[in-house]
Amino acid sequence: MSGTTFSPTDLAHAVVSEAPAPFVPRKRTLQIGTAAFTAIWVMYFGGLFGAYVSSRNTWKLEQDGLAAAGERVSSWIPDSAQVELTAPTIMTWTLLMSCITMQWAVYSFKRSDRRHGLLALATQAMFGAAVINQVVFQWKQLGLVIDDTSGSSAATLIYTITASHVAMIIVAMCLLAFAAFRALASSDTKDHVDVVASAATFWYAMVGLYFIIWILIFITK
Amino acid sequence: MTITEIEPDASAAPVAVREAMAPAVYQRLPKNILADSVSSGDHKVIGRLWILGSLLFGLFTLVADVLVRIERVDTDSVAVFTSLTTYEQWFSMHRVSLVFLFVVPLLIGIAMVMVPLQIGAPSLAFPRAAAAALWSWVVAGAIMIVSWAMDGGLVDRSGATVSQATQLSMLAMAAVVLSLLIASLVIITTIFTERSKGMSLYNVPLFTWSMLVAASVWLLSLPVLFSNLMVMWIDARGEAAQSFGGEHLYEQINWIFDQPQVFAFAIPVLGILGETVPVAFRRRLKNYDMAMVAIGAFGALSFGAYAQTFFNPNANTTWLYVVGSITLILPILAFLGCCAVTAKAAGRAPVMSAHLALSVMSLVALLTAGALAAVRVLDSLLAPLVGFLNSIVGFFQGSGSGSGDGWEFLSDLEGWLGDTFDEIAATSVSGAMVQLALIAGLLAGVAGLFYWASKIFGRRLPAGLGMVAGLSLLGGAMASALPDAVSGFLEQPDFARDPDYVARDGVEVLNLISLIGSFGVLAGFGLVLLAVPVAVFFGSDDDNEDIDNRNPVGGHTLEWLSESPPPAGNFDGPFIVTSEAPLLDEDFQDPYAEGASA
């Protein structure tokens, strides 16, 4: 064999410069960070739910007192407001369906199925957008006004809770977009399944919180 | 060019490269400190900026405290401020800034620098998130102060609507809280994911453990405060917002400055003490597991998001609140027991130092605050017991028929307990407790600054100055808080001052003593501020060859293996840790030891 000879160092250099860097599994940094981030949101909604329930109970006790005294009473959610169950129930089902597509996305990325993963995330984003659309419709339908003429603080709390949930949906969709870019831009999607799984954790928490909103505000009123 | 998905390993770079990468803040007269600081993702730079910001905001806070106390000396008129509402706004501001712009950020700053070093990590888990939290905190804090100066604050008696300045105060405070939440998230994630090999959660250093507990309690309680602020703000957007507005603004967030929540901001007191005591006695802390449990229990008991008297007026008489307040002091005592056993086992006097003195002072302040917390709920515990005892006496007096009236003494005692202690719930006893708990957190932070000065500032701080500062801070805090506690029993309100309020005899004298105490706190803090430039510009004993520059205090944990100040990447090599004090382990492989392979 004649011609150029390579030393072991040269060969090693050639391998390093031409081959893609080996994938090093990350620590669970993102999952734990997302879990803590989700805990922040859960406690935030915990505070809102606590405020809602205690304000509503206080209001009802006051109204019971007025009724016992023979005075005129009013309802927690003003009678002028139109609280329909249709939109919240459709939203609940939409979000429940989105849990299935979310799991589909995680499953696809784990199996390096780029096509189905992308399809699942696109469906997921569509579900999120649909829910935001329905919330806006519901706000218009409700016709609640934040004022204190009735003495009820229902309007303030309902707007705070539902608007906060819309904010959470938007954050969840941003996390999904980040996960999609990160996973789909890599050579093998299963290397980045932790990113998608983290986004999924946050999404499931968001759905669970809406389920409580549905029961607390719209079912039990 | 090779494209990789992994960041270059800074610790593997040659020394010259690492020195070049090291931020200029390490040098005495850096040339590009602003550019390096603003753009840095290095945890030490970020931590130093948290500390610097908190110290500057702290100066403002303590000046506000002095102004508020000057106003309180004369209870008949408004002298310093333009109106009673302005006084209340400043009062609310100084308390908000004491927690969110001063004590908590100071502890977060120390944790940002020290936690990665203590666990042998090269960096924080999310360094960019930490930087984002820092800068949003700085901007939001500045906006908050400006909004207060514009007649904002969390008191608004302007009428049916809430003023725009007040709304800005709410949003700025919400942004400050959000920043602290992100910082807490970063600390928690770092501790969970970046520990050295062999370092389980059962043998992390106690400061790191206390920060994990503290950040977890903050992470779970501050979102509830955020929800309060959002409700207030959305309510203020209405045309006639009153449900959550007007005079009720401060009332809604008062739980954060009341027991048990206020103790959550003093959790690291125990962690710092757990670092300094074993070092002072030159041995491991005895009953380390017990110390960890004590810190965890203290954290659990200090969670106070449930005790919101605005939404539940009976919240401070529930068994959870009462038992929690009484038992809050037990973990502190248990921790003290661990320190005492360690001292006994050492069988020799401790090596006295500024950080040891400061951490003991912080414990004294915390214990006093804990005692006041117990006193405040005494009636809820004792009155039912006395009543029960009296009913038993009455039962036997009535020969089993239950018709006896009991002892007159017990009836009087029950009545006195109810009358006296019921009224102190909203008096300045509460303010005294808050002051002491937060000063305990501040003293712990200062102790941390002195203990880790060589890692944080690259220089040791003058110990004498630290001792004097600590005495001034503790003495001032006691002198300002204890008279408040006494005047609380004389029915001086803590916060809102009724225009018709008439002070009882002696209250104004007590308020004057309290004012003198607040000057003491300010003077002590001034000495702390002085210590850093004195060390940096006039030098310290760093040049003394007898002192190990890496480990000048004789510490037992990993941070003392790094250079002072630590370079980018912190350490030269990974560690395998087998105990909570690895430097005391015989089998610990020190990569810096002479003859050790790199």
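Throughout, protein chains are lettered first and strands after them, A, B, ... in sequence-line order, and every chain is numbered starting at 1. Keep in mind the model is a prediction, meaning the values are calculated, not measured.
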Nearest-0.5 Å distance that lies between atom [atom1] in [X] and atom [atom2] in [Y]:
{"X": "B/Phe311", "Y": "A/Thr58", "atom1": "CZ", "atom2": "OG1", "value": "9.0 Å"}
{"X": "B/Ser216", "Y": "B/Phe192", "atom1": "OG", "atom2": "CZ", "value": "6.5 Å"}
{"X": "B/Trp255", "Y": "B/Phe257", "atom1": "CH2", "atom2": "CZ", "value": "9.5 Å"}
{"X": "A/Arg56", "Y": "A/Ile217", "atom1": "CZ", "atom2": "CD1", "value": "8.5 Å"}

Portion of A/Ile40 that has a non-hydrogen atom of chain B nearer than 4.5 angstrom:
both

Whether [X] and [Y] hold their rings parallel, tilted or perpendicular, with breakpoints at 30° and 60°:
{"X": "A/Phe211", "Y": "A/Trp214", "value": "tilted"}
{"X": "A/Trp76", "Y": "A/Trp59", "value": "tilted"}
{"X": "A/Phe37", "Y": "A/Phe202", "value": "parallel"}

Please determine whether side-chain contact (heavy atoms from CB on, under 4.5 Å) holds for the pair A/Thr156 and A/Thr160, giving the CA-CA distance in whole Å, both sets of side-chain angles, and the decisive distance to 0.1 Å.
CA-CA 6 Å; A/Thr156 300; A/Thr160 310; 4.1 Å; yes

Side chain, backbone, both or neither: which part of [X] has an atom under 4.5 Å from a heavy atom of chain A?
{"X": "B/Phe310", "value": "neither"}
{"X": "B/Ala125", "value": "both"}
{"X": "B/Glu194", "value": "both"}

Pull out the residues in residues 165-175 of chain A that come under 4.5 Å of chain B, heavy atom to heavy atom, sorted by number.
none

In terms of heavy-atom pairs under 4.5 Å with chain A, the winner among B/Ile188, B/Thr193, B/Leu225, B/Val231 is B/Thr193

Taking every non-hydrogen pair under 4.5 Å, which of B/Leu181, B/Leu185, B/Val224, B/Asn228 racks up the most with chain A?
B/Leu185

Given the options B/Thr190, B/Thr189, B/Ile191, B/Ile187 meets side-chain contact (heavy atoms from CB on, under 4.5 Å) only with B/Ile191

